[in-house]
Amino acid sequence: MRKKIIAGNWKMNKTIGEGLALVEELKPLIAGKAYVEVVICPPYTALYAISQVLGGTGIGLGAQEAFWKASGAYTSQISLPMLADAGAQYVILGHSETRGRFGVPEPELTPDLLRTFGETDAGVNIKAQATLAAGLIPILCVGETLSERQRGETDDVVRAQVLGALAGIAGAAVAEKVVFAYEPVWAIGTGETCAADEADRVCGVVRHAVEMAYDQTVAEAVRIQYGGSMKPDNAADLLSRPNIDGGLIGGASLKAADFAAIVTAAG
Ligand code: PGA
């Protein structure tokens, strides 16, 4: 039985003070829900302060990105040992807002999405390896753009992202540690949710890709979240599907009541 995992991706929101206030609001709302793994992913600047108030709550702490080298002349970057030092146990990798789609006309991408950081499947892979080596849990994001979906390429795109992310990683580590997040790019921050049947189907494609890379045991163990406009009113439906083991929540994770309602829906 896979334990459901609900992670809040705060993106570039919340000062330290605002983040602490949100956590204080959240604590009583999700107390006693140990049957769900709850993670919050604040911006780097708030990680350490928030780590100091999570003790005893069971709430996990994650970062939204990482660099794969441990230290060195890499201006602007944050390493995995640094994230662990700040109290993080998880890290989101390959979020569509960090992936590059250069050379591919993507008229539906917003200017914000076009201004990506150029993340690639190979980059996600090397960072996933470094994450596991540092003892953290990677949350690996995959998902198709609207035009890829319209061209019928969803399954191929997602499969390639999964296999690319896992290259060279041992099956045992995948089974025990790795979390995937299927996030159709067109559903992120748009209010457009992928229908639960389809979200479940594509999460099944992710699971099948893991089986192709390893075996059925690893595929059955790996947890796969859905992300993209998950909210209190659609969470229960999505989270009841056999291949959906949790959610990666953006907008709704910024409101304690909404995030807590999603956690409750996972129970
Ligand atoms: P959203 O974001 O819930 O605001 O759509 C999800 C994500 O980007 O992880």
Side-chain angles (χ1 to χ4, degrees), residues 4-14 19 22 26 36-44 60-66 88 90-101 106 108-117 119 124 127-128 137-146 148-149 157-158 161-162 165 178-196 198-199 202-203 206 223-239 241 244-266:
K4 291 243 181 351
I5 174 167
I6 303 291
N9 174 11
W10 292 5
K11 307 192 178 181
M12 197 175 70
N13 294 291
K14 304 292 177 190
L22 176 54
L26 197 55
V36 183
E37 199 167 317
V38 179
V39 182
I40 52 173
C41 303
Y44 291 132
L61 187 68
Q64 300 172 16
E65 170 62 290
Y90 301 78
V91 61
I92 297 169
L93 296 174
H95 191 281
S96 64
E97 287 154 16
T98 71
R99 280 182 186 264
R101 299 277 178 168
E106 295 291 359
E108 80 278 11
L109 288 180
T110 63
D112 272 354
L113 283 178
L114 277 171
R115 209 179 321 111
T116 60
F117 308 128
E119 185 59 284
V124 174
K127 290 174 179 179
I137 294 177
I139 299 176
L140 306 178
C141 301
V142 299
E144 81 289 358
T145 62
L146 182 58
E148 286 165 344
R149 172 163 285 269
V157 166
V158 166
Q161 289 175 337
V162 171
V178 170
V179 176
F180 276 98
Y182 167 56
E183 298 204 305
V185 178
W186 48 270
I188 294 177
T190 58
E192 292 273 336
T193 321
C194 187
E198 177 62 6
V202 185
C203 286
V206 173
R223 291 182 296 175
I224 304 167
Q225 301 173 312
Y226 168 78
S229 300
M230 193 186 278
K231 298 185 276 300
D233 63 358
N234 60 25
D237 188 17
L238 287 157
L239 293 167
R241 305 297 165 135
I244 301 180
D245 305 315
L248 184 55
I249 323 297
S253 72
L254 300 173
K255 293 189 191 131
D258 286 0
F259 189 61
I262 295 171
V263 172
T264 302

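When a residue number appears, it is its place in the shown sequence, counting from 1. Every number for a ligand or one of its atoms is a count from 1 in the order of the listing.
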(request) Quick one: list whatever passes side chain to side chain donor-acceptor pair (under 3.5 Å) with Glu198, sequence neighbours left out. (result) Arg149, Arg201

(message) For a quick check: using heavy atoms under 4.0 Å, what are the residues in contact with ligand 1, sorted by chain and number?
(response) Asn9, Lys11, His95, Glu183, Ala187, Ile188, Gly189, Gly228, Ser229, Leu248, Ile249, Gly250, Gly251

(request) For residues 244-255, pull every pair meeting salt bridge (Lys or Arg N to Asp or Glu O under 4.0 Å), keeping only residues two or more places apart or in separate chains. (result) Arg2-Asp245, Arg207-Asp245

(request) Could you name each residue pair satisfying salt bridge (Lys or Arg N to Asp or Glu O under 4.0 Å) that touches residues 223-236, not counting sequence neighbours? (result) Glu37-Arg223

(message) I'd like to know whether Lys11 forms a side chain to side chain contact (heavy atoms under 4.5 Å, CB included) with His95, so could you lay out the CA-CA distance, the side-chain angles of the two residues, the decisive distance to 0.1 Å, and finally the verdict.
(response) CA-CA 10 Å; Lys11 307 192 178 181; His95 191 281; 4.1 Å; yes

(message) Whether the side chain of Asn13 engages the backbone of Gly250 through a donor-acceptor N/O pair (distance < 3.5 Å, no angle test) should be reported.
(response) no

(message) I'd like to know if the side chain of Glu192 reaches the main chain of Trp186, judged simply by a donor and an acceptor atom lying under 3.5 Å from each other, with no hydrogens or angles considered.
(response) no

